[in-house]
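Some notes on the structure that comes next.
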Amino acid sequence: MQKNQPILDEPIAKSVLKPLSEKFEAYQNSVLNCTAIDALTNLMSFNFTKLCHQYISHANTDQDTIPMYSNDTYLLQYVLSEPLKDLIILHRDVLVQVHIGKHKNLEQQASDGALQHLLDASKEQLSQATNYFVSKIEKEEKKLLKFLASSKKLEDKTRHHLSPWNVYAEQYKTLLGQFSHIITTGIKTQENINAFREINSHTNSVIDQIIKESEVLLDISNAAVSKIEAKEESKELLSWVESSLMLIAATNLNSKEEFSSRVETKINNLEAYTIPTGTHQGFLLEKKINFNKSVKKWMDYNLLPLLMDLWDGNSNLNHFIKLSLLNLKSSLKLGKENDNLIVYDIQLQSYKKIKKSLLENIETQKAIVSQIQKMLATDFLVSNCYNSDEFLEITIQNSINQYTSETNNVVAGFKSVFEQLVAKFNQSYEKVVLEDPQSKIDKASNCISQRMYKEVNADYDTLFLNKKFIGDLFLVSRTAQEDKLKDAIAQWNEGFNKSILVLGNSLSGKSTFIHHSTEVLIHQKTIKLNPNDSVTIEGRKFKTTKNLKEALDEVKRSSFTKKRILLIDDLELWRDEKNSLLNNTRALIDFIESESDNVLVIVTTNPSMSIHLNTRCNFSSVFSTHIAINKCTQEEIFKAVIIRHSATHRSVINNRNEPLTESQISANVAKLSKKLDYNIGEVLQAWTYGTTVTEDGSILYKDTYSTFPDFFTKEETIIIKYTLLYNYISEKILKEFTGNLYETNLKSSLKRLINTKVILRDEVGLLSINPVLNHDIYQILKYRDIIN
């Protein structure tokens with residue numbers, strides 16, 4: 001053997017693998033003995049990373065000082081480097097998950113039990129994976145010795161291979177750097193949670209104080225009533241008035257400025273940073289969030305308007321009571337005798353009205369407070385950045401899939417453990433199959449294309465799609481709704497104050513129902529109010545704008561010879577840049593409360609808009625009768641399809657050119673009805689998707705209805721929610737509604753929705769949801785819990 005020639009295929013006297021393996025075993029035992037999330041986090045971020053650095057150090061040392069083909073060098077660089085990378089990735093994924101679990105637990109979005117289950121399952125997963133790695137070391141050592149024992153050389157295994165070590169070393173550096181990043185951002189996120197909690201607590205203390213101040217004013221009003229009824233002497237009553245005025249002056253200490261200043265101090269401590277939100281196919285998913293900017297915007301758009309309502313309401317009550325006390329004080333001083341009954345009687349009636357007004361206002365305040373507290377509890381959460389409903393399941397699922405494929409299914413048995421973990425921790429686990437977003441867009445485009453208007457079917461489709469085609473022969477009676485309408489009208493004619501709210505989604509037939517009913521079922525003359533329309537009442541003609549209050553004032557000024565019906569179809573259309581829907585709705589409520597004995601008001605809108613308006617003005621409770629028009633019976637829908645089809649005098653055939661019997665048609669209609677929640681207009685429209693007029697004039701029907709895929713981004717859901725709720729939008733309206741967010745986030749999203757024909761532009765430039773997608777988009781928003 002020549003001098004300096006490498007000693008090939010001989011075991012190194014002191015192998016580093018045995019002590020390294022023992023250290024990993026010791027680490028595994030430490031993991032199993034962990035009793036808290038923080039302890040597990042420290043083990044992963046310190047002990048495990050230290051072990052990984054030792055492995056890297058040994059591999060680098062072997063490369064520099066030990067012959068190239070030594071056993072340790074080969075095993076460390078060629079064989080064990082991939083399993084170690086898998087182990088690091090799994091630790092990184094679990095580290096992300098335990099941070100998410102901890103943050104959700106801090107914000108009470110995950111129970112202590114769920115967090116403990118996360119800890120136990122994570123320990124078990126890490127323990128089994130570490131054990132596998134240790135066994136892999138032993139297995140590969142034995143395998144190598146067996147290979148060398150067969151008189152083969154180690155050089156033969158690496159002769160035609162470049163060493164992968166430099167690539168792996170760089171990957172280790174990146175992955176272990178992510179450990180530090182996760183820990184650092186986790187600390188920042190926890191600080192943010194504390195800041196959010198302090199803002200939440202301060203906001204609750206402010207609204208509690210506002211309610212207490214209102215109750216103080218109510219106590220003063222109650223005391224005034226009791227003192228006046230008891231006819232207390234003027235001197236004692238004056239003394240009480242003075243002390244009450246001093247008490248009022250001491251209230252309202254929590255000014256708007258003090259609240260804004262204190263909250264702003266907390267918000268200014270928040271900063272923008274990139275937060276790990278999960279992992280996917282080996283990559284760390286991150287989201288850059290400017291917490292300072294986001295919180296300020298949320299406060300401005302959501303919280304402060306409601307707080308302003310509370311402050312302003314409380315200030316008005318304070319001023320009202322103060323004036324009333326000063327008035328009482330003046331009256332008492334002017335009274336010539338202490339038992340001036342005229343003064344007492346007048347004041348008593350006044351304070352009884354004040355007491356009633358105060359009670360009503362306090363109830364309104366409490367409703368606003370309840371709304372604020374609900375918003376703070378569900379929306380104002382740092383952990384919402386993790387998208388809880390989907391994130392946990394997808395992240396862990398993909399990590400396991402990746403780890404399984406890269407280790408020849410060795411950890412396949414771990415999968416069920418983590419599926420149970422997600423189910424317990426997330427409370428609403430559903431298996432999600434990931435799709436490429438571009439694939440979803442392609443499917444969406446194909447779906448829209450299949451549903452869109454076809455020239456060859458024009459004559460046939462018109463019978464089903466024309467909303468204004470309201471011939472008596474094509475109308476299907478909706479017995480239950482008509483009976484409810486008749487009963488309400490009968491009671492109104494008997495002297496009961498009545499108003500009717502008709503609720504239905506797009507294509508549900510609410511306009512057809514209400515226009516037909518008012519023309520056929522009601523004997524009184526009907527006044528129909530539409531925006532930008534000419535209306536004639538008792539010979540007086542006027543033109544409406546988007547100001548509903550002006551139109552209602554015109555109705556109020558008219559002197560009726562008999563009772564009238566006032567119909568307002570699609571309330572959500574009454575809005576423009578000068579007249580908000582909220583102000584128009586409040587004007588409508590005032591009109592109903594004052595005129596419903598002489599005018600029966602019938603209003604239609606969609607259910608989601610009704611819920612939306614309820615949050616601001618208690619809209620739906622104003623109406624004495626609610627008629628839900630969303631659903632029809634199966635018999636009514638089938639009758640509507642058959643009536644329209646029969647008008648063509650054509651037969652329906654299948655793809656084998658066989659005529660369909662009435663029962664077969666009924667079965668197909670029933671199938672569509674179930675898919676479309678028994679919305680009659682949606683079913684009539686969907687029937688046309690599957691029909692084609694053949695050359696001989698027959699109607700070929702194929703069940704081609706496919707579900708529209710949800711490919712929408714967060715920004716796009718904002719746009720489609722607003723469009724669905726209000727019926728139409730424009731770029732100008734959207735920009736006014738969202739401010740700077742339009743240019744930075746929504747402009748490109750709107751363009752994509754228009755390009756994919758999810759949103760269509762009409763001849764005057766207004767944008768609305770493609771009618772073939774109304775039901776699908778409503779279901780998508782409902783599933784995402786964005787709309788009710």
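These numbers come from a predicted model, not from an experiment.
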How long is the span from the CD1 atom in Ile568 to the CD1 atom in Ile602, to the nearest 0.5 Å? 10.5 Å

Do the side chains of Val683 and Asn679 get nearer than 4.5 Å, heavy atoms only? no

Do Lys639 and Glu636 meet the salt-bridge criterion of a basic N to acidic O distance under 4.0 Å? no

Verify the distance criterion only: is there a donor paired with an acceptor across the side chains of Ser620 and Asn614 at less than 3.5 Å? yes

Please determine if Glu482 and Arg478 form a salt bridge, counting it only when a charged side-chain N lies under 4.0 Å from a carboxylate O. no

Please tell me if the side chains of Val601 and Val599 come closer than 4.5 Å, counting only heavy atoms from C-beta onward. yes

Step by step, work out the side chain to side chain contact (heavy atoms under 4.5 Å, CB included) result for Leu767 and Leu760. CA-CA 6 Å; Leu767 303 167; Leu760 302 179; over 6 Å; no

Working to the nearest 0.5 Å, report the span between CG of Leu485 and OG1 of Thr625. 8.5 Å

Sub-3.5 Å donor-acceptor pair from the side chain of Asp570 to the main-chain atoms of Glu572, do we have one? no

For Val669 and Ile637, run side chain to side chain contact (heavy atoms under 4.5 Å, CB included): C-alpha distance rounded to whole Å, both residues' side-chain angles, the deciding distance at 0.1 Å, then the answer. CA-CA 8 Å; Val669 172; Ile637 295 175; 3.8 Å; yes

Exam field: side chain Asn606 to backbone Leu725, donor-acceptor pair closer than 3.5 Å: yes

Is the shortest heavy-atom distance from the side chain of Lys556 to the side chain of Ser594 under 4.5 Å? yes

Taking side chain as C-beta onward, heavy atoms only, is Asn774 less than 4.5 Å from Pro771? yes

Could you tell me whether the side chain of Thr605 reaches within less than 4.5 Å of the side chain of Met609, counting heavy atoms only? yes

Within the distance-only criterion (no hydrogens, no angle test), does the side chain of Asp533 pair as donor or acceptor with the backbone N or O of Thr544 below 3.5 angstrom? no

Is there a side chain to side chain contact (heavy atoms under 4.5 Å, CB included) between Ile759 and Tyr728? Walk through the geometry before answering. CA-CA 10 Å; Ile759 287 181; Tyr728 70 86; over 6 Å; no

May I ask you to test the Val555-Phe591 pair for a side-chain heavy-atom distance under 4.5 Å? yes

Donor-acceptor pair, distance only, cut-off 3.5 Å: does the side chain of Thr378 make one with the backbone of Lys374? yes

Please name the pair of heavy atoms, one in Leu306 and one in Ile368, separated by the smallest distance, quoted to 0.1 Å. O-CG2, 3.8 Å

Would you say Thr723's side chain and Ile769's backbone share a donor-acceptor pair under 3.5 angstrom? no

When rounded to the nearest 0.5 Å, the distance separating CG of Asn505 from NZ of Lys510 is 7.5 Å

Distance from His612 atom NE2 to Leu582 atom CG, nearest 0.5 Å? 8.0 Å

Using distance alone, with no hydrogens and no angle criterion, decide if Asn547 and Asn579 have a side-chain donor and acceptor under 3.5 Å apart. yes

Could you please spell out the steps behind the salt bridge (Lys or Arg N to Asp or Glu O under 4.0 Å) verdict for Glu743 and Lys735? CA-CA 8 Å; Glu743 291 293 339; Lys735 190 171 183 178; 3.4 Å; yes

Tell me yes or no: between the side chains of Ser580 and Asn583, is some donor less than 3.5 Å from an acceptor? yes

Checking Asn630 side chain against Gly504 main chain: does a donor-acceptor pair fall under 3.5 Å? no

What verdict does the salt bridge (Lys or Arg N to Asp or Glu O under 4.0 Å) test give for Glu554 and Arg540, after you've listed the backbone C-alpha separation in whole Å, the side-chain angles of each residue and the deciding distance to 0.1 Å? CA-CA 9 Å; Glu554 288 289 344; Arg540 294 177 60 255; 2.7 Å; yes

If you count heavy atoms of other groups shown closer than 6.0 angstrom to NZ of Lys757, is the number above 12? no

Does NZ in Lys549 sit with more than 12 non-hydrogen atoms of other residues, nucleotides or ligands closer than 6.0 Å? no

To check you understand the geometry: which heavy-atom pair defines the closest contact between Gln481 and Lys631, and what is its length? NE2-O, 3.5 Å

Flag if over 12 foreign heavy atoms under 6.0 Å of NZ, Lys546: yes

Would you say the side-chain atoms of Asp569 and Thr604 include a donor-acceptor pair closer than 3.5 Å? yes

Taking 4.0 angstrom as the limit, do Arg557 and Asp553 come out as a salt bridge? no

Scanning both residues in full, the closest heavy-atom pair of Ser624 with Lys498 reads OG-CD, 3.2 Å

Shortest non-hydrogen contact between Leu571 and Leu588, atoms and distance: CD1-CD2, 4.0 Å

Test side chain to side chain contact (heavy atoms under 4.5 Å, CB included) applied to His626 and Ile500, Leu501, Val502, the passing residue: Leu501

Electrostatic pair Glu731-Arg761, nearest N-O below 4.0 angstrom: yes

Does the Trp492 side chain pair with the main chain of Ser596, one donor and one acceptor, at a distance under 3.5 Å? yes

When you measure from the side chain of Thr364 to the backbone N and O of Glu360, does any donor-acceptor pair fall under 3.5 Å? yes

If only atom types and distance count, is the side chain of Asn770 paired as donor or acceptor with the main-chain N or O of Leu773 below 3.5 Å? no

How far apart are the closest heavy atoms of Trp574 and Asn530, and which atoms are they? CZ2-C, 3.5 Å

At what distance, to the nearest 0.5 angstrom, does CG of Leu766 lie from NZ of Lys732? 11.5 Å

Is it the case that Asp677 and Gln779 place a side-chain donor and acceptor less than 3.5 Å from each other? yes

Under 4.5 Å between any side-chain heavy atoms of Phe708 and Val758, yes or no? yes

Donor-acceptor check, side chain of Arg575 to backbone of Tyr726, threshold 3.5 angstrom: yes or no? yes

Taken to the nearest 0.5 Å, the spacing of Asp590 CG from Glu595 CD works out to 10.5 Å

Does NZ or CZ of Arg586 lie under 6.0 Å from the centre of the six-membered ring of Phe619, at an angle within 45° of the ring axis? no

Please report the C-alpha distance between Lys366 and Ile211 in whole Å, then the side-chain angles of each, then the deciding distance to 0.1 Å, and finally whether the side chain to side chain contact (heavy atoms under 4.5 Å, CB included) criterion is met. CA-CA 8 Å; Lys366 287 181 177 178; Ile211 294 296; 4.1 Å; yes

Check the side chains of Ser749 and Glu716 for a donor-acceptor pair under 3.5 angstrom, ignoring hydrogens and angles. no

Give me the atom names and distance for the closest heavy-atom approach of Ile629 to Ser508. CG2-OG, 3.4 Å

Is there a side-chain contact between Leu310 and Val206, using heavy atoms and a 4.5 Å cut-off? no

